[in-house]
Amino acid sequence: MSESLQPIHKGLEGVLVDTTSVSLVDGGAGRLYYRGYAVEELARKRFAEVMHLIVFGTLPDADRLQEVEDYLWVAGRLPPDLSASLRQLARHGEHPMATLQSIAPLLALDPPTVSLGRSQQEEEALVVAARIPAAIATIHAALQDHPEHPYPASRRYGERYLQLLHGRQPSPIEVSVFESAQILQLDHGFNASTFTARVVTSTLAPATSALAAAMGALYGPLHGAADQQALEMALEVGEPERAREFVAQCLATGRKVMGMGHREYRVVDPRSRMIRALAQQVAHRPEHVKLLDVLSAVDEAFIEQTREKRRTLRANLEFYKGVVYLALGIPKEFFTASFAASRVFGWIAHVIEQRQDNRIIRPAAHYVGPPPRAMTQ
Ligand SMILES: CC(=O)SCCNC(=O)CCNC(=O)[C@H](O)C(C)(C)COP(=O)(O)OP(=O)(O)OC[C@H]1O[C@@H](n2cnc3c(N)ncnc32)[C@H](O)[C@@H]1OP(=O)(O)O
Ligand SMILES: O=C([O-])CC(=O)C(=O)O
(Lines give C-alpha, C1' and ligand atoms only; values in the text may rest on other atoms or scores of the structure.)
(Ligands and ions follow the chains in the order given, each with its own letter.)
Protein backbone atom coordinates (compact mmCIF):
# COMPACT_ATOMS: atom_id res chain seq x y z
CA MET A 1 0.00 0.00 0.00
CA SER A 2 1.36 3.45 -0.84
CA GLU A 3 2.01 5.69 2.19
CA SER A 4 -0.77 8.10 1.18
CA LEU A 5 -3.43 5.34 1.35
CA GLN A 6 -2.45 4.07 4.79
CA PRO A 7 -4.43 5.26 7.82
CA ILE A 8 -2.61 7.81 9.95
CA HIS A 9 -2.37 6.86 13.62
CA LYS A 10 -2.21 10.36 15.10
CA GLY A 11 -0.64 10.17 18.54
CA LEU A 12 0.04 6.45 17.86
CA GLU A 13 -3.15 5.59 19.76
CA GLY A 14 -3.55 1.82 20.01
CA VAL A 15 -0.51 1.13 17.80
CA LEU A 16 1.57 -1.81 19.05
CA VAL A 17 5.22 -0.99 18.41
CA ASP A 18 6.96 -3.63 20.52
CA THR A 19 6.62 -5.99 23.46
CA THR A 20 7.51 -5.22 27.08
CA SER A 21 7.71 -7.27 30.25
CA VAL A 22 8.16 -4.33 32.64
CA SER A 23 4.58 -3.23 33.35
CA LEU A 24 1.06 -4.10 32.28
CA VAL A 25 -1.47 -1.27 32.07
CA ASP A 26 -4.95 -2.81 32.02
CA GLY A 27 -6.85 0.29 31.00
CA GLY A 28 -10.25 -1.40 30.81
CA ALA A 29 -10.15 -2.86 34.32
CA GLY A 30 -8.15 0.01 35.84
CA ARG A 31 -5.32 -2.23 37.02
CA LEU A 32 -1.55 -1.79 36.90
CA TYR A 33 1.04 -4.54 37.40
CA TYR A 34 4.83 -4.38 37.57
CA ARG A 35 6.31 -7.61 36.23
CA GLY A 36 3.06 -9.38 37.13
CA TYR A 37 2.56 -7.99 40.65
CA ALA A 38 -0.33 -5.60 41.37
CA VAL A 39 0.81 -2.10 42.37
CA GLU A 40 -1.59 -2.20 45.32
CA GLU A 41 0.61 -4.90 46.88
CA LEU A 42 3.92 -3.42 45.77
CA ALA A 43 3.11 0.01 47.25
CA ARG A 44 3.52 -1.52 50.73
CA LYS A 45 7.16 -2.46 50.08
CA ARG A 46 10.35 -0.43 50.37
CA PHE A 47 11.13 1.71 47.33
CA ALA A 48 14.47 -0.04 46.67
CA GLU A 49 12.74 -3.44 46.50
CA VAL A 50 10.29 -2.36 43.82
CA MET A 51 12.96 -0.38 41.99
CA HIS A 52 14.97 -3.66 41.86
CA LEU A 53 11.93 -5.49 40.52
CA ILE A 54 11.48 -2.89 37.79
CA VAL A 55 15.12 -2.67 36.70
CA PHE A 56 16.35 -6.24 37.28
CA GLY A 57 13.10 -8.21 37.01
CA THR A 58 12.98 -9.80 40.50
CA LEU A 59 12.15 -8.81 44.07
CA PRO A 60 15.45 -8.86 46.00
CA ASP A 61 16.07 -11.07 49.05
CA ALA A 62 17.29 -9.35 52.25
CA ASP A 63 21.02 -9.50 51.31
CA ARG A 64 20.46 -8.18 47.82
CA LEU A 65 18.20 -5.41 49.17
CA GLN A 66 20.95 -4.29 51.50
CA GLU A 67 23.46 -4.40 48.64
CA VAL A 68 21.20 -2.25 46.47
CA GLU A 69 20.43 0.25 49.25
CA ASP A 70 24.16 0.52 50.04
CA TYR A 71 24.85 1.02 46.34
CA LEU A 72 22.24 3.79 46.04
CA TRP A 73 23.65 5.48 49.13
CA VAL A 74 27.28 5.46 47.96
CA ALA A 75 26.54 6.21 44.29
CA GLY A 76 23.94 8.81 45.25
CA ARG A 77 26.39 11.25 46.79
CA LEU A 78 27.28 14.04 44.33
CA PRO A 79 31.03 14.52 43.76
CA PRO A 80 31.98 18.04 45.01
CA ASP A 81 32.92 19.42 41.54
CA LEU A 82 29.66 18.25 40.05
CA SER A 83 27.71 19.68 42.96
CA ALA A 84 29.43 23.07 42.55
CA SER A 85 28.74 23.14 38.79
CA LEU A 86 25.11 22.19 39.32
CA ARG A 87 24.69 24.83 41.98
CA GLN A 88 26.00 27.49 39.59
CA LEU A 89 23.70 26.29 36.81
CA ALA A 90 20.68 26.24 39.13
CA ARG A 91 21.26 29.80 40.24
CA HIS A 92 20.14 31.00 36.79
CA GLY A 93 16.67 30.34 38.20
CA GLU A 94 15.30 28.08 35.45
CA HIS A 95 12.65 25.50 36.32
CA PRO A 96 14.25 22.54 38.19
CA MET A 97 13.24 20.20 35.34
CA ALA A 98 15.16 22.29 32.80
CA THR A 99 18.25 22.31 35.00
CA LEU A 100 17.95 18.60 35.76
CA GLN A 101 17.53 17.70 32.10
CA SER A 102 20.58 19.70 31.11
CA ILE A 103 22.81 18.11 33.76
CA ALA A 104 21.35 14.57 33.63
CA PRO A 105 23.88 12.86 31.32
CA LEU A 106 26.76 14.46 33.23
CA LEU A 107 25.55 13.12 36.57
CA ALA A 108 27.51 9.95 35.72
CA LEU A 109 30.83 11.85 35.74
CA ASP A 110 33.43 10.93 38.35
CA PRO A 111 31.87 7.48 38.92
CA PRO A 112 31.58 5.96 42.41
CA THR A 113 33.73 3.03 43.57
CA VAL A 114 30.68 0.76 43.89
CA SER A 115 29.06 -1.22 41.10
CA LEU A 116 26.12 -3.55 40.58
CA GLY A 117 28.06 -5.60 38.03
CA ARG A 118 26.16 -4.41 34.97
CA SER A 119 27.48 -3.22 31.58
CA GLN A 120 29.20 0.17 31.53
CA GLN A 121 26.19 1.84 29.88
CA GLU A 122 23.80 0.43 32.47
CA GLU A 123 26.11 1.36 35.34
CA GLU A 124 26.27 4.94 34.07
CA ALA A 125 22.49 5.11 33.87
CA LEU A 126 22.20 3.72 37.42
CA VAL A 127 24.64 6.35 38.71
CA VAL A 128 22.55 9.09 37.08
CA ALA A 129 19.42 7.66 38.71
CA ALA A 130 21.09 7.29 42.12
CA ARG A 131 22.30 10.90 42.03
CA ILE A 132 19.00 12.54 41.04
CA PRO A 133 17.79 13.01 44.67
CA ALA A 134 21.02 14.82 45.64
CA ALA A 135 20.87 16.82 42.39
CA ILE A 136 17.31 17.91 43.21
CA ALA A 137 18.37 18.90 46.73
CA THR A 138 21.30 20.91 45.31
CA ILE A 139 19.00 22.75 42.88
CA HIS A 140 16.57 23.40 45.74
CA ALA A 141 19.32 24.75 48.02
CA ALA A 142 20.71 26.96 45.23
CA LEU A 143 17.27 28.44 44.49
CA GLN A 144 16.69 29.06 48.21
CA ASP A 145 20.20 30.50 48.50
CA HIS A 146 21.11 28.27 51.42
CA PRO A 147 23.94 25.73 51.69
CA GLU A 148 23.20 22.07 50.94
CA HIS A 149 22.29 19.91 53.92
CA PRO A 150 24.89 17.29 54.91
CA TYR A 151 24.55 13.96 53.09
CA PRO A 152 22.25 11.85 55.32
CA ALA A 153 23.46 8.59 56.86
CA SER A 154 20.22 6.75 56.08
CA ARG A 155 20.37 3.95 53.54
CA ARG A 156 16.61 4.11 53.08
CA TYR A 157 15.74 5.88 49.84
CA GLY A 158 12.69 7.83 51.04
CA GLU A 159 14.24 8.91 54.30
CA ARG A 160 17.38 10.14 52.55
CA TYR A 161 15.37 11.92 49.85
CA LEU A 162 13.30 13.98 52.29
CA GLN A 163 16.27 14.66 54.56
CA LEU A 164 18.37 15.85 51.62
CA LEU A 165 15.65 18.33 50.79
CA HIS A 166 14.78 19.59 54.29
CA GLY A 167 17.78 18.76 56.46
CA ARG A 168 15.47 17.29 59.09
CA GLN A 169 14.62 13.73 59.98
CA PRO A 170 11.27 12.76 58.41
CA SER A 171 8.75 10.74 60.45
CA PRO A 172 8.24 7.04 59.63
CA ILE A 173 4.80 7.90 58.18
CA GLU A 174 6.32 10.55 55.91
CA VAL A 175 8.92 8.05 54.69
CA SER A 176 6.43 5.29 53.99
CA VAL A 177 3.93 7.63 52.27
CA PHE A 178 6.68 9.13 50.11
CA GLU A 179 8.06 5.71 49.14
CA SER A 180 4.56 4.45 48.27
CA ALA A 181 3.97 7.51 46.08
CA GLN A 182 7.33 6.99 44.37
CA ILE A 183 6.59 3.28 43.82
CA LEU A 184 3.35 4.21 42.05
CA GLN A 185 5.31 6.33 39.58
CA LEU A 186 8.03 3.86 38.59
CA ASP A 187 6.70 2.61 35.28
CA HIS A 188 3.67 2.80 33.01
CA GLY A 189 3.94 0.96 29.71
CA PHE A 190 4.88 2.96 26.63
CA ASN A 191 4.03 6.40 28.06
CA ALA A 192 5.55 9.39 26.24
CA SER A 193 8.77 9.73 28.27
CA THR A 194 9.46 5.99 28.29
CA PHE A 195 8.84 5.80 24.55
CA THR A 196 11.22 8.74 24.13
CA ALA A 197 13.88 6.80 26.06
CA ARG A 198 13.31 3.82 23.78
CA VAL A 199 13.52 5.91 20.59
CA VAL A 200 16.83 7.40 21.70
CA THR A 201 18.11 3.96 22.79
CA SER A 202 17.15 2.53 19.41
CA THR A 203 19.76 4.78 17.76
CA LEU A 204 22.40 3.20 20.05
CA ALA A 205 22.97 6.55 21.75
CA PRO A 206 24.32 6.31 25.32
CA ALA A 207 21.82 5.26 27.99
CA THR A 208 22.43 8.56 29.79
CA SER A 209 21.28 10.48 26.66
CA ALA A 210 18.10 8.42 26.62
CA LEU A 211 17.43 9.42 30.24
CA ALA A 212 17.99 13.12 29.52
CA ALA A 213 15.64 12.98 26.52
CA ALA A 214 13.00 11.15 28.55
CA MET A 215 13.25 13.85 31.18
CA GLY A 216 12.49 16.43 28.50
CA ALA A 217 9.31 14.54 27.58
CA LEU A 218 8.27 14.23 31.22
CA TYR A 219 8.51 18.02 31.57
CA GLY A 220 5.49 18.45 29.24
CA PRO A 221 2.19 19.50 30.90
CA LEU A 222 0.27 16.77 29.05
CA HIS A 223 2.55 14.23 30.74
CA GLY A 224 4.67 14.61 33.90
CA ALA A 225 4.30 18.33 34.53
CA ALA A 226 0.55 17.89 34.94
CA ASP A 227 1.34 17.32 38.63
CA GLN A 228 2.44 20.92 39.19
CA GLN A 229 -0.32 22.25 36.95
CA ALA A 230 -3.07 20.30 38.75
CA LEU A 231 -1.96 21.77 42.05
CA GLU A 232 -1.79 25.28 40.56
CA MET A 233 -5.29 24.74 39.21
CA ALA A 234 -6.51 23.80 42.72
CA LEU A 235 -4.97 27.00 44.07
CA GLU A 236 -6.72 28.97 41.29
CA VAL A 237 -10.10 27.38 42.11
CA GLY A 238 -9.52 28.27 45.75
CA GLU A 239 -12.79 27.03 47.29
CA PRO A 240 -14.66 23.73 46.82
CA GLU A 241 -17.82 25.74 46.09
CA ARG A 242 -16.16 27.18 42.96
CA ALA A 243 -15.36 23.76 41.45
CA ARG A 244 -18.52 23.30 39.35
CA GLU A 245 -18.27 26.72 37.77
CA PHE A 246 -14.53 26.25 37.13
CA VAL A 247 -15.02 22.89 35.39
CA ALA A 248 -17.93 24.24 33.34
CA GLN A 249 -15.78 27.13 32.17
CA CYS A 250 -12.89 24.82 31.26
CA LEU A 251 -15.16 22.57 29.23
CA ALA A 252 -16.81 25.53 27.51
CA THR A 253 -13.50 27.12 26.51
CA GLY A 254 -11.52 23.97 25.64
CA ARG A 255 -9.16 24.37 28.58
CA LYS A 256 -7.97 21.01 29.89
CA VAL A 257 -8.53 20.18 33.53
CA MET A 258 -5.06 19.07 34.52
CA GLY A 259 -4.70 15.64 36.08
CA MET A 260 -7.84 14.40 34.31
CA GLY A 261 -8.09 11.97 31.40
CA HIS A 262 -5.78 9.26 30.18
CA ARG A 263 -4.88 7.57 26.91
CA GLU A 264 -5.15 4.05 28.34
CA TYR A 265 -7.59 4.10 31.26
CA ARG A 266 -11.31 3.82 30.56
CA VAL A 267 -12.04 3.82 34.30
CA VAL A 268 -10.25 5.64 37.10
CA ASP A 269 -6.45 5.31 37.15
CA PRO A 270 -5.78 2.97 40.12
CA ARG A 271 -2.84 5.16 41.16
CA SER A 272 -5.15 8.14 41.57
CA ARG A 273 -7.25 6.32 44.19
CA MET A 274 -4.11 5.24 46.04
CA ILE A 275 -2.46 8.65 45.88
CA ARG A 276 -5.64 10.24 47.24
CA ALA A 277 -5.56 7.82 50.19
CA LEU A 278 -1.90 8.73 50.76
CA ALA A 279 -2.82 12.42 50.68
CA GLN A 280 -5.45 11.81 53.36
CA GLN A 281 -2.74 10.26 55.56
CA VAL A 282 -0.42 13.28 55.45
CA ALA A 283 -2.65 16.30 54.80
CA HIS A 284 -3.12 17.67 58.33
CA ARG A 285 -2.45 21.38 57.88
CA PRO A 286 -5.63 23.33 57.07
CA GLU A 287 -4.28 24.57 53.72
CA HIS A 288 -3.51 21.00 52.60
CA VAL A 289 -6.88 19.70 53.78
CA LYS A 290 -8.50 22.51 51.83
CA LEU A 291 -6.55 21.70 48.66
CA LEU A 292 -7.70 18.11 48.95
CA ASP A 293 -11.30 19.29 49.37
CA VAL A 294 -10.99 21.54 46.31
CA LEU A 295 -9.53 18.71 44.21
CA SER A 296 -12.26 16.30 45.36
CA ALA A 297 -14.90 18.86 44.37
CA VAL A 298 -13.27 19.37 40.94
CA ASP A 299 -13.09 15.58 40.52
CA GLU A 300 -16.80 15.23 41.29
CA ALA A 301 -17.81 18.13 39.06
CA PHE A 302 -15.65 16.84 36.20
CA ILE A 303 -17.23 13.37 36.32
CA GLU A 304 -20.69 14.91 36.37
CA GLN A 305 -20.05 17.34 33.52
CA THR A 306 -18.22 14.93 31.20
CA ARG A 307 -20.77 12.10 31.49
CA GLU A 308 -21.86 12.61 27.89
CA LYS A 309 -18.33 12.51 26.38
CA ARG A 310 -17.52 9.62 24.03
CA ARG A 311 -14.61 8.68 26.28
CA THR A 312 -14.82 8.21 30.06
CA LEU A 313 -12.55 10.79 31.66
CA ARG A 314 -11.31 10.28 35.22
CA ALA A 315 -8.51 11.45 37.51
CA ASN A 316 -5.03 10.19 36.63
CA LEU A 317 -1.85 9.79 38.70
CA GLU A 318 -1.21 13.52 38.65
CA PHE A 319 -4.49 14.84 40.06
CA TYR A 320 -4.05 14.34 43.83
CA LYS A 321 -0.27 13.84 43.89
CA GLY A 322 0.54 17.48 44.63
CA VAL A 323 -1.18 17.33 48.02
CA VAL A 324 1.02 14.38 49.04
CA TYR A 325 4.18 16.13 47.90
CA LEU A 326 3.23 19.51 49.43
CA ALA A 327 2.39 17.88 52.77
CA LEU A 328 5.82 16.22 52.68
CA GLY A 329 7.43 19.61 52.16
CA ILE A 330 8.20 19.26 48.44
CA PRO A 331 7.54 22.63 46.74
CA LYS A 332 5.36 22.52 43.62
CA GLU A 333 8.25 23.45 41.30
CA PHE A 334 9.90 20.19 42.41
CA PHE A 335 6.92 17.87 41.81
CA THR A 336 7.92 16.80 38.30
CA ALA A 337 11.58 16.42 39.26
CA SER A 338 10.48 14.16 42.12
CA PHE A 339 8.41 12.18 39.62
CA ALA A 340 11.54 11.87 37.46
CA ALA A 341 13.52 10.61 40.47
CA SER A 342 11.27 7.55 40.45
CA ARG A 343 10.46 7.14 36.75
CA VAL A 344 14.16 7.18 35.86
CA PHE A 345 14.35 3.55 37.03
CA GLY A 346 11.49 2.64 34.68
CA TRP A 347 13.33 4.36 31.85
CA ILE A 348 16.44 2.30 32.65
CA ALA A 349 14.41 -0.93 32.55
CA HIS A 350 13.14 0.07 29.09
CA VAL A 351 16.63 1.06 27.89
CA ILE A 352 17.81 -2.43 28.87
CA GLU A 353 14.80 -4.08 27.22
CA GLN A 354 15.16 -2.04 24.01
CA ARG A 355 18.85 -2.91 23.75
CA GLN A 356 18.10 -6.64 24.07
CA ASP A 357 16.24 -6.80 20.76
CA ASN A 358 16.86 -3.49 19.07
CA ARG A 359 15.67 -2.09 15.80
CA ILE A 360 15.85 1.62 15.12
CA ILE A 361 12.44 3.25 15.72
CA ARG A 362 11.61 5.21 12.64
CA PRO A 363 7.92 5.64 11.68
CA ALA A 364 6.70 7.04 8.38
CA ALA A 365 4.94 10.33 7.64
CA HIS A 366 2.47 11.13 4.89
CA TYR A 367 4.02 14.07 3.01
CA VAL A 368 1.60 16.97 2.42
CA GLY A 369 4.04 19.72 1.37
CA PRO A 370 4.50 21.14 -2.15
CA PRO A 371 4.98 18.53 -4.89
CA PRO A 372 8.46 18.23 -6.43
CA ARG A 373 9.06 21.47 -8.37
CA ALA A 374 11.79 23.26 -10.30
CA MET A 375 13.96 25.90 -8.61
CA THR A 376 13.26 29.21 -10.40
CA GLN A 377 15.79 31.52 -8.77
C1 LIG B 1 1.69 10.74 34.24
C2 LIG B 1 0.84 11.17 33.14
O3 LIG B 1 1.35 11.53 32.13
S4 LIG B 1 -0.83 11.08 33.32
C5 LIG B 1 -1.46 12.31 32.17
C6 LIG B 1 -1.17 13.69 32.66
N7 LIG B 1 -1.73 14.72 31.79
C8 LIG B 1 -2.82 15.45 32.13
O9 LIG B 1 -3.42 15.27 33.18
C10 LIG B 1 -3.20 16.54 31.17
C11 LIG B 1 -4.71 16.59 30.95
N12 LIG B 1 -5.14 15.42 30.17
C13 LIG B 1 -4.97 15.37 28.82
O14 LIG B 1 -4.49 16.31 28.20
C15 LIG B 1 -5.36 14.09 28.09
O16 LIG B 1 -6.40 13.45 28.77
C17 LIG B 1 -4.16 13.13 27.93
C18 LIG B 1 -2.96 13.84 27.32
C19 LIG B 1 -3.75 12.55 29.29
C20 LIG B 1 -4.58 11.96 27.04
O21 LIG B 1 -4.75 12.46 25.74
P22 LIG B 1 -5.49 11.67 24.57
O23 LIG B 1 -5.45 10.21 24.82
O24 LIG B 1 -4.93 12.15 23.30
O25 LIG B 1 -6.99 12.11 24.76
P26 LIG B 1 -7.75 13.26 23.99
O27 LIG B 1 -7.04 14.56 24.21
O28 LIG B 1 -7.98 12.82 22.58
O29 LIG B 1 -9.11 13.26 24.80
C30 LIG B 1 -10.35 12.72 24.37
C31 LIG B 1 -11.44 13.74 24.64
O32 LIG B 1 -11.46 14.06 26.01
C33 LIG B 1 -11.18 15.44 26.23
N34 LIG B 1 -10.26 15.54 27.37
C35 LIG B 1 -9.24 14.71 27.64
N36 LIG B 1 -8.62 15.10 28.76
C37 LIG B 1 -9.27 16.20 29.19
C38 LIG B 1 -9.08 17.05 30.30
N39 LIG B 1 -8.10 16.84 31.16
N40 LIG B 1 -9.90 18.11 30.43
C41 LIG B 1 -10.90 18.33 29.56
N42 LIG B 1 -11.12 17.54 28.48
C43 LIG B 1 -10.32 16.49 28.31
C44 LIG B 1 -10.50 15.89 24.96
O45 LIG B 1 -10.64 17.28 24.76
C46 LIG B 1 -11.24 15.07 23.93
O47 LIG B 1 -12.52 15.64 23.75
P48 LIG B 1 -13.29 15.56 22.33
O49 LIG B 1 -13.60 14.11 22.13
O50 LIG B 1 -14.48 16.42 22.53
O51 LIG B 1 -12.31 16.08 21.32
O1 LIG C 1 0.81 6.17 30.50
C2 LIG C 1 0.74 7.37 30.19
O3 LIG C 1 0.45 7.78 29.04
C4 LIG C 1 0.99 8.42 31.20
C5 LIG C 1 1.07 7.92 32.59
O6 LIG C 1 0.08 7.69 33.25
C7 LIG C 1 2.40 7.66 33.15
O8 LIG C 1 3.40 7.84 32.43
O9 LIG C 1 2.48 7.27 34.32
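Just so you know, ligand 1 is whichever comes first in the structure, and atom 1 is the first atom listed for that ligand.
By heavy-atom distance, the residue among Leu12, Asp269, Asn316 lying nearest atom 4 (S) of ligand 1 is Asn316. Around atom 22 (P) of ligand 1, the closest heavy atom drawn from Arg311, Glu308, Glu13 belongs to Arg311. In the candidate list Asp227, Leu313, Leu251, Val247, Leu313 is nearest to atom 43 (C) of ligand 1, counting heavy atoms. When the options Arg310, Gln229, Arg263 are ranked by their closest heavy atom to atom 24 (O) of ligand 1, first place goes to Arg263. Between the choices Asp269, Asp187, Val25, Asn191, the shortest heavy-atom distance to atom 3 (O) of ligand 2 belongs to Asn191.
For atom 50 (O) of ligand 1, the closest non-hydrogen atom on the protein side is Lys309 NZ, 3.2 Å. Nearest protein heavy-atom neighbour of atom 40 (N) of ligand 1: Val257 N, 3.0 Å.
Looking at ligand 2, you won't find any N or O of Arg263 less than 3.5 Å from one of its N or O atoms. Not one N or O of Leu317 is nearer than 3.5 Å to an N or O of ligand 1, by distance alone. At least one N/O-N/O distance between Met260 and ligand 1 falls below 3.5 Å. Between Phe339 and ligand 1, no N or O atom pair is found at a separation short of 3.5 Å. For a threshold of 3.5 Å applied to N or O pairs, the pair formed by Glu318 and ligand 1 contains no separation below that value. Considering backbone and side-chain atoms alike, His188 places an N or O below 3.5 Å from some N or O of ligand 2. The distance criterion of under 3.5 Å between nitrogen or oxygen atoms is not met by Arg255 with respect to ligand 1.
Contact annotation: the side chain of Arg91 approaches that of Asp145 to within less than 4.5 Å [non-hydrogen atoms, C-beta and beyond]. Two residues are said to be in side-chain contact when any heavy atoms from C-beta on lie closer than 4.5 Å; Tyr320 and Ser272 meet this criterion. The closest side-chain heavy-atom distance from Leu143 to Pro96 is below 4.5 Å. At a threshold of 4.5 Å between non-hydrogen side-chain atoms, the residues Ile330 and Leu162 count as touching. Side-chain contact between Leu24 and Leu32 is absent, with no heavy atoms from C-beta onward closer than 4.5 Å. Using a 4.5 Å cut-off on side-chain heavy atoms (C-beta onward), Gln228 and Phe334 make no contact. Between Leu59 and His52 the shortest side-chain heavy-atom distance does not fall below 4.5 Å. Put simply, the side chain of Asp18 reaches to within 4.5 Å of the side chain of Phe190, judged on heavy atoms.
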Practice task
For Trp347 and Leu218, run side-chain contact (heavy atoms from CB on, under 4.5 Å): C-alpha distance rounded to whole Å, both residues' side-chain angles, the deciding distance at 0.1 Å, then the answer.
Solution key: CA-CA 11 Å; Trp347 295 333; Leu218 194 73; 4.1 Å; yes
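Contacts of Phe319 with ligand 1, taken as heavy-atom pairs under 4.0 Å, are absent altogether. Under 4.0 Å from ligand 2, the heavy atoms of Arg343 that appear belong solely to its side chain.
Contact atoms of ligand 2 toward Arg271: 5 (C), 6 (O), 7 (C), 9 (O) (distance under 4.0 Å to a heavy atom of the residue). Heavy-atom proximity to His262, at under 4.0 Å, picks out these atoms of ligand 2: 1 (O), 2 (C), 3 (O), 4 (C), 5 (C), 6 (O).
Using a 4.0 Å threshold on non-hydrogen atoms, atom 12 (N) of ligand 1 counts as touching the protein. Within a 4.0 Å radius of atom 17 (C) of ligand 1, the protein has no heavy atom.
The aromatic rings of His188 and His262 sit perpendicular, their planes meeting at an angle over 60°, well past the 30° parallel limit.
A salt bridge (charged side-chain N to carboxylate O under 4.0 Å, His left out) with Arg156 is found for one member of Glu49, Glu69, Glu179 and no other, namely Glu179.
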